[in-house]
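First the structure, in the form of structure tokens, and then the observations on it.
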Amino acid sequence: MRVPSESGIGAARVACVAVAVLAGWLGVFAPAAPALEHAVQVGPAEVTVFAPDWTWQNGSVNILVVADNPGPEACTVSARLDVPADFFAYDGPDTVELAVPPGDTVRGAFTNILAKPGVPLQTYDLEIILAEGGREEPVRYPLRTIRGVAFSGGRWVALLVPSGTALLWCAAFVIALRRFSAPGAWRASPPAIAEQGTRESWIDQNPA
Amino acid sequence: MDRSESGIDDSASLGDAPKPWSLRPARLGARTVLLLGTGSVIASFYIGTGDVSVGTNMGAKFGYGLWWSYFVLGIAGWALIDMSVRYFLRFGKTPMSIFKDVHPAFTVYMFIAVVVCATFGSYNQWSACAMVVTGFFPGVPIEVGGALAALAGLVFLLTGAYKRLERVFVVGLVALIVCFFGSAFMAGFDWKAAAHGLIPQAPGKGWQALFSNNAGSMINAWLILIYPYTMIERGWFSKRLQGKVNVLHRARIDYAWGILAAGVVALPLMAAASAIARPFGIVPRGYMDLSILLEPLAGTWSTYLFLFGLFLAAWTAGVGWWLCGCYALLDIFNLPIRLDSKPMRVCLVLFFIPSTALLLLRVNPVFQMLIFTAFLTLVFPVIGFVLLYRISRPDMGYFRWSLKSPQGIAIVAADLFAICLSVYVGVWLGWVKFGQVFISR
């Protein structure tokens, strides 16, 4: 009977090589995560808007606004969110003010913008209007709703449907495993495991 | 390993038997201690989307304030695995025998728990894998992405031997740790806050819910019983008492590493969520959303590393759920515990079908996982009581409870702590609080 060999230091070496290879592959071939990443100069600050470019119905997204001020003086950048209210629910602030000290970076966010359930699956145009010192720069944010849950019902769907399905599927396991096992095996405690003829050497060692 | 008709007798007569916990194990070399084998398989059960979902939520709400919960719950998890291993070494019998010996009704309970939890658990993992794929290719339906990940797991198990499985899991575990830590280092670590997070504390309102979720993930229903199956696959068993002591010592290091890995992996997840989500009050409900938030702070590579680590964690956990579910079912039907056997392959296919079909539900996997970890806490109390009943009996021989030595006292204390904590979490936080979630719609 075979004695399984240990994995460990050798496998760790393999792991390092594998990670390096995968990292290289990722660096060369992996696409960028589909998301909005739009940088625009607003007064003295460079402002970048980050957001996912798709969501599910009844799923929420967050928009991150990052203002970087390399200049010698402080500035205040405001970001105003324009969301089509018929299709998205949002109860946060419409405007976020970012006071950026010189040489510093400040982040702000619009959080929990919810794609309403039942809305058409299409691309919606949201907009973030950035402003500083009377100057405005609009950032168009196309957001695609791609699909929603198959059934509504929230927690009940999340729990009862999978567990109920699995419960019903128990019958398949009973039918299949009874073909391999002795009658009444599920009730009877099995005999004890036998010791292997060949074992790893440390098992049989005595302490010094 | 074959089953034997002769019983295991490590204490031929009570008069000759060494006192409980009096023997020293043979010294293990440093190289042996570093061998990560089965510990990585154990770690795969703990480090999946449950660990990621709970860890990121903890970081987003409380920073590092609940890091301590991994190690407190880890003690309980360790003790519960230890109970099943001691039973196996004492009697040479597999974990499901514990339930069969008490009453067949518990066997039925375990059968249902195994099928439901393994199906539900693996489905969650394939769903998370699918979300990562969809994150890069939104045109790929989640059903397709998840099914492909599941199919890869099925092919891997159908064609594998246990030895190869351990190697792959070691590689996967090291890779995902590197990925998550790499991602978090780019986002920024607050080491002082992390150290403070090791002190048990109530970090803010609502911490109990996440603690309960974490308990469901760490104590993990019936998965605490599966280590003996890996011992059978590896031939870790002896009729000699000294051999049993050596095996127990080695095994303890193994599952300590596995459980510790869950706490270690939680740290970069908390760090990342604390840095990118907490300042805005964002509670992560999507892996893609979280990874996008990483990018402005830590760069594109941070996003890649996070998503890759997530995929690895989910995939290995999905494979782990199937593996352990199959082992437990083989045990219930007294079939050989072997990865490369026909009943095992049939069970794997039977798990594949519903766990991929459930992808059609298209439920957010973060939300799904939090629900599932709470569900797991419901399953455990019965298992805990049965374990306690069995392990506390004097016929455990050398491995019985004993208050006559420091090690014996420590073991009793750990066992009782594990059972009490599991029952508290399972009965109070599980049945009561979980029930309230559904009753108060």
Side-chain angles (χ1 to χ4, degrees), chain A residues 3-9 11-12 14-15 18-19 26 30-31 33-35 50 52 54 60-62 64 66 109 111 146-147 149-150 155 157-159 161-163 165-167 169-170 172-173 176-177 180-181 185-187 189-196 199 202-208, chain B residues 1-5 7-8 24 26 34-37 92-93 97 100-101 104 107 112 115-116 119-120 123 135-136 138 163 166-167 170-171 174-175 178 234-235 237-239 242-243 246-247 280 282 288-289 292-293 296 303-304 332-335 343 346 350 354 358 360-363 368 371:
Chain A
V3 177
S5 61
E6 298 279 9
S7 52
I9 295 173
V14 171
V19 169
L26 211 58
F50 296 87
W54 63 269
S60 61
V61 298
N62 306 296
L64 195 62
V66 182
T111 62
I146 57 173
R147 59 181 71 89
V149 294
R155 294 172 186 134
V157 169
L159 179 66
V161 174
S163 50
T165 303
L167 198 62
W169 195 244
C170 286
F173 282 97
L177 289 172
F180 296 103
S181 63
W186 66 275
R187 298 169 65 101
S189 196
I193 295 292
E195 195 178 51
Q196 279 194 7
R199 292 180 297 282
W202 57 267
I203 293 175
D204 293 320
Q205 283 177 354
N206 290 317
Chain B
M1 263 178 152
D2 297 324
R3 299 186 193 272
S4 163
E5 291 303 323
I8 298 297
R24 280 187 304 117
L34 289 175
L35 294 173
L36 303 176
K93 290 192 173 185
S97 302
K100 292 181 183 181
D101 287 346
T107 313
I112 294 171
V115 174
V116 172
T119 303
F120 204 152
Y123 144 68
F136 285 105
K163 182 169 57 175
E166 277 194 4
R167 287 195 184 126
V170 169
V171 170
V174 171
V178 166
R234 294 160 68 91
F237 183 74
S238 174
K239 290 184 80 167
Q242 183 62 51
N246 292 344
V247 169
F280 308 105
I282 294 172
M288 204 58 211
D289 205 25
I292 285 170
L293 288 172
T303 300
Y304 290 158
I332 287 172
F333 285 87
N334 290 352
L335 295 165
V346 169
L350 287 177
L358 286 170
L360 292 168
L361 287 178
R362 298 198 295 262
V363 178
Q368 177 82 84
I371 294 282

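In this text, all values refer to a predicted model and were calculated from it rather than measured experimentally.
- In summary, of the residues considered (B/T107, B/D101, B/N334), a side chain to side chain contact (heavy atoms under 4.5 Å, CB included) with A/S189 occurs for B/D101 alone.
- Between A/W202 and B/V247 the shortest side-chain heavy-atom distance falls below 4.5 Å.
- Here CD1 of B/I332 is found 11.0 Å from CZ of A/F173. Values are rounded to the nearest 0.5 Å.
- Distance check: B/R24 CZ to A/N206 CG gives 10.5 Å after rounding to the nearest 0.5 Å.
- Contact of B/L350 with chain A is made through backbone and side chain together, with heavy-atom distances under 4.5 Å.
- Contact annotation for B/V116: both backbone and side-chain heavy atoms come within less than 4.5 Å of a heavy atom of chain A.
- In terms of heavy-atom proximity, A/F180 sits nearest to B/L335 at O-CD2, 3.4 Å.
- A/D204 pairs by the salt bridge (charged side-chain N to carboxylate O under 4.0 Å, His left out) definition with A/R199, B/R240, not counting sequence neighbours.
- B/Y123 is not listed as a side-chain neighbour of A/T165, based on a closest heavy-atom distance of 4.5 Å or more.
- Considering every non-hydrogen atom in both A/A192 and B/K93, the closest pair reads CA-CG, 4.4 Å.
- With hydrogens and angles disregarded, no donor-acceptor distance shorter than 3.5 Å links the side chain of A/W169 to the backbone of B/V115.
- Put simply, the side chain of B/N246 gets close to the backbone of A/Q205: a donor and an acceptor are under 3.5 Å apart.
- Note that OG of A/S163 and CD1 of B/I112 are 12.0 Å apart. Values are rounded to the nearest 0.5 Å.
- Closest of all the heavy-atom pairs between B/K100 and A/R187 is CB-O, 4.1 Å.
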